[in-house]
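Read the structure below first, then the notes.
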Amino acid sequence: MTLRLPGADGTLRSYEPRPEPLALTPGAPFTSRTVFSAAHVVADPFADTTPDGPAAVDWDATLAFRRHLWSHGLGVAEAMDTAQRGMGLDWPTAAELIRRSAAEAKASGGRIACGVGTDQLTAGTLAEVRAAYEEQLALVEESGAQAILMASRALAAAATGPEDYLEVYGHLLRQADGPVVLHWLGPMFDPALDGYWGSSDLDTATDTFLDVIAAHPDKVDGIKVSLLDAGREVELRRRLPQGVRCYTGDDFNYPELIAGDEQGFSHALLGIFDPLGPLAAEAVRVLDTGNTPGFRELLDPTVELSRHLFQAPTRFYKTGVVFLAWLAGHQTHFTMVGGLQSARSLPHLARAYELADGLGLFPDPKLAEERMRNLLSLYGVNQ
């Protein structure tokens, strides 16, 4: 049967769903790249809450999704922006998420790294920002997870120049128990982070970022770069000290960045690998054999979907990620913390379904079709 899907121009078009999914099975961890999927959280649809209230999480479904990612050999980047940090997921709930996911990783033998931020604060002095970072760093390290030092809205607001970033990050790196990942999230993902590292000029900001790393190379496992600028990422990774990894966070250009060139490559820490997990894992295993063309053949066709989900305003990509998780059967509902399921239009979601279905991402295409049909009916689209 065909579906009538709404387009961006307001008209309906016919689409015939794919009858069979891609055959993708769990497998061993990778050998040539370190790959993390930033994972979403599953809301509790029966909680009586409000968009600005504490998040209500379905812990069973949330942890089951992490086991799904680990089963395919992916690491989990926990409590990151994909999990709606600062967009519906409050700090107390994020702290509980970190504790639970770290314990689940230990039990499952999965790799996990967790976001360390300052979202206890809406604003504060540099001393208060540093103390907020310290609280979260201690919790992540106590849980047994690797720390990812996330960009801080409060630090962006409090800092007066590059020296403030050097001081705050230098202090945190000195006290960190082990090597951390530094996260540079661009303003397309969060407008409050404009001018991070003390300058809106990206060349100047890059120099400050590299100064932080150069002062403490033994405490930096790697950097996650989410600027959606492949050329800038390549230039940056070539300037990293020996042994410091570049984890691409570029959801527009990830195949070419992971594949690399004669001078190096990027590892990965990507939100798009939440819906692409099994397919991305299969592609990286092909890359492990040295077959770069085969890797690109599998992963290049996914870029259109990723660019669609991450189109401006980019920060609302989480809606498409959770929508696809619902269609894929990883959760029983399309509800998000903070009510963010309303952040994308029906035509946007319909196109996401079409692209994902065309890639064979849904383990049960009939279930995805049925759920899409129900959503369309809810919006008044009669089939």
Side-chain angles (χ1 to χ4, degrees), residues 32-36 38 75 77 80-82 113 115-117 146-152 155-156 159 161-166 168-170 172-173 176 179-191 193-273 284 287 292 299 303 306-307 310 314:
S32 65
R33 304 290 189 274
T34 300
V35 181
F36 289 96
M80 303 290 290
D81 53 302
T82 302
V116 171
Q146 184 179 16
I148 303 171
L149 294 186
M150 301 171 67
S152 161
L155 179 54
E163 64 282 352
D164 290 334
Y165 290 89
L166 292 169
V168 170
Y169 277 90
L172 294 170
L173 290 172
V180 307
V181 176
L182 298 180
H183 186 192
W184 185 357
L185 191 68
M188 67 289 295
F189 287 92
D190 188 341
L193 299 177
D194 188 35
Y196 212 73
W197 305 111
S199 177
S200 295
D201 178 79
L202 289 180
D203 291 334
T204 302
T206 297
D207 288 342
T208 301
F209 187 41
L210 289 169
D211 286 344
V212 170
I213 299 165
H216 308 276
D218 58 320
K219 287 296 187 74
V220 181
D221 164 68
I223 62 168
K224 178 191 186 305
V225 186
S226 299
L227 298 176
L228 304 183
D229 184 334
R232 184 168 293 277
E233 179 176 321
V234 170
E235 179 185 352
L236 177 55
R237 80 183 182 204
R238 290 175 180 172
R239 296 174 64 188
L240 291 173
Q242 185 71 26
V244 176
R245 305 178 191 188
C246 180
Y247 294 93
T248 187
D250 188 332
D251 300 278
F252 282 6
N253 305 292
Y254 50 93
E256 66 187 79
L257 291 164
I258 297 169
D261 55 29
E262 66 282 354
Q263 297 186 50
F265 57 82
S266 295
H267 300 271
L269 198 166
L270 288 160
I272 191 57
F273 281 5
V284 176
L287 187 60
T292 301
L299 212 54
V303 171
S306 189
R307 291 190 174 208
F310 285 78
T314 301

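- Side-chain contact check for Thr206 versus Glu235: every heavy-atom pair is 4.5 Å or farther apart.
- Side-chain contact between Asn253 and Leu228 is absent, with no heavy atoms from C-beta onward closer than 4.5 Å.
- The minimum heavy-atom distance between Met80 and Ala38, with the atom names listed, is CB-CB, 4.5 Å.
- The side chain to side chain donor-acceptor pair (under 3.5 Å) check on Asp194 picks up nothing, with sequence neighbours excluded.
- Atom OH in Tyr169 sits 6.0 Å away from atom CG in Leu155 (nearest 0.5 Å).
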Test side chain to side chain contact (heavy atoms under 4.5 Å, CB included) applied to Val212 and Leu173, step by step: CA-CA 9 Å; Val212 170; Leu173 290 172; 3.8 Å; yes
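- For the atom pair OG of Ser306 and CG of Leu299, the computed distance is 9.0 Å after rounding to the nearest 0.5 Å.
- Between Gln146 and Phe36 the shortest side-chain heavy-atom distance falls below 4.5 Å.
- Between Trp184 and Phe209, the ring-plane angle classifies as perpendicular under the 30° and 60° cut-offs.
- The pair Arg232-Asp250 does not count as a salt bridge, with every side-chain nitrogen at least 4.0 angstrom from each carboxylate oxygen.
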Go through Asp251 and Phe189 one step at a time and tell me if the side chain to side chain contact (heavy atoms under 4.5 Å, CB included) criterion holds. CA-CA 11 Å; Asp251 300 278; Phe189 287 92; 3.7 Å; yes
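- Taking the six-membered ring for Trp, Tyr196 and Tyr165 have ring centres closer than 6.0 Å.
- Shown here for Ala230 and Leu257, the closest heavy-atom pair between the two residues is O-CD2, 3.9 Å.
- When every heavy atom of Pro217 is checked against every heavy atom of Ala214, the shortest pair comes out as CD-O, 3.2 Å.
- When the options Asp218, Val244, Asp221 are evaluated for a side chain to side chain contact (heavy atoms under 4.5 Å, CB included) with Pro179, the one that passes is Asp221.
- Checked options Val116, Val181, Leu182; the residue passing with Ile148 is Val181 (criterion: side chain to side chain contact (heavy atoms under 4.5 Å, CB included)).
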Would you sort out whether Leu210 and Leu240 count as a side chain to side chain contact (heavy atoms under 4.5 Å, CB included), showing the intermediate values? CA-CA 7 Å; Leu210 289 169; Leu240 291 173; 4.0 Å; yes
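- Closest heavy-atom contact between Leu227 and Met188: O-CE, 3.3 Å.
- Nearest approach of His183 to Met150, heavy atoms of both residues: CB-CA, 3.9 Å.
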Pairs under 3.5 angstrom only: tabulate donor-acceptor contacts from the side chains of residues 263-272 to other protein residues two or more places apart or in another chain.
{"residue": "Ser266", "atom": "OG", "partner": "Glu233", "partner atom": "OE2", "Å": "2.7"}
{"residue": "Ser266", "atom": "OG", "partner": "Arg237", "partner atom": "NH1", "Å": "2.9"}
{"residue": "His267", "atom": "ND1", "partner": "Thr34", "partner atom": "N", "Å": "2.9"}

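- Looking at heavy atoms from C-beta onward, Thr248 lies out of side-chain contact with Arg33 at the 4.5 angstrom threshold.
- By the side-chain contact (heavy atoms from CB on, under 4.5 Å) test, Asp211 pairs with Leu166, sequence neighbours left out.
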Please evaluate residues Leu236 and Ile223 with respect to the criterion side chain to side chain contact (heavy atoms under 4.5 Å, CB included), reporting the C-alpha separation (whole Å), side-chain torsions for both, the decisive distance (0.1 Å), and the verdict. CA-CA 10 Å; Leu236 177 55; Ile223 62 168; 3.7 Å; yes
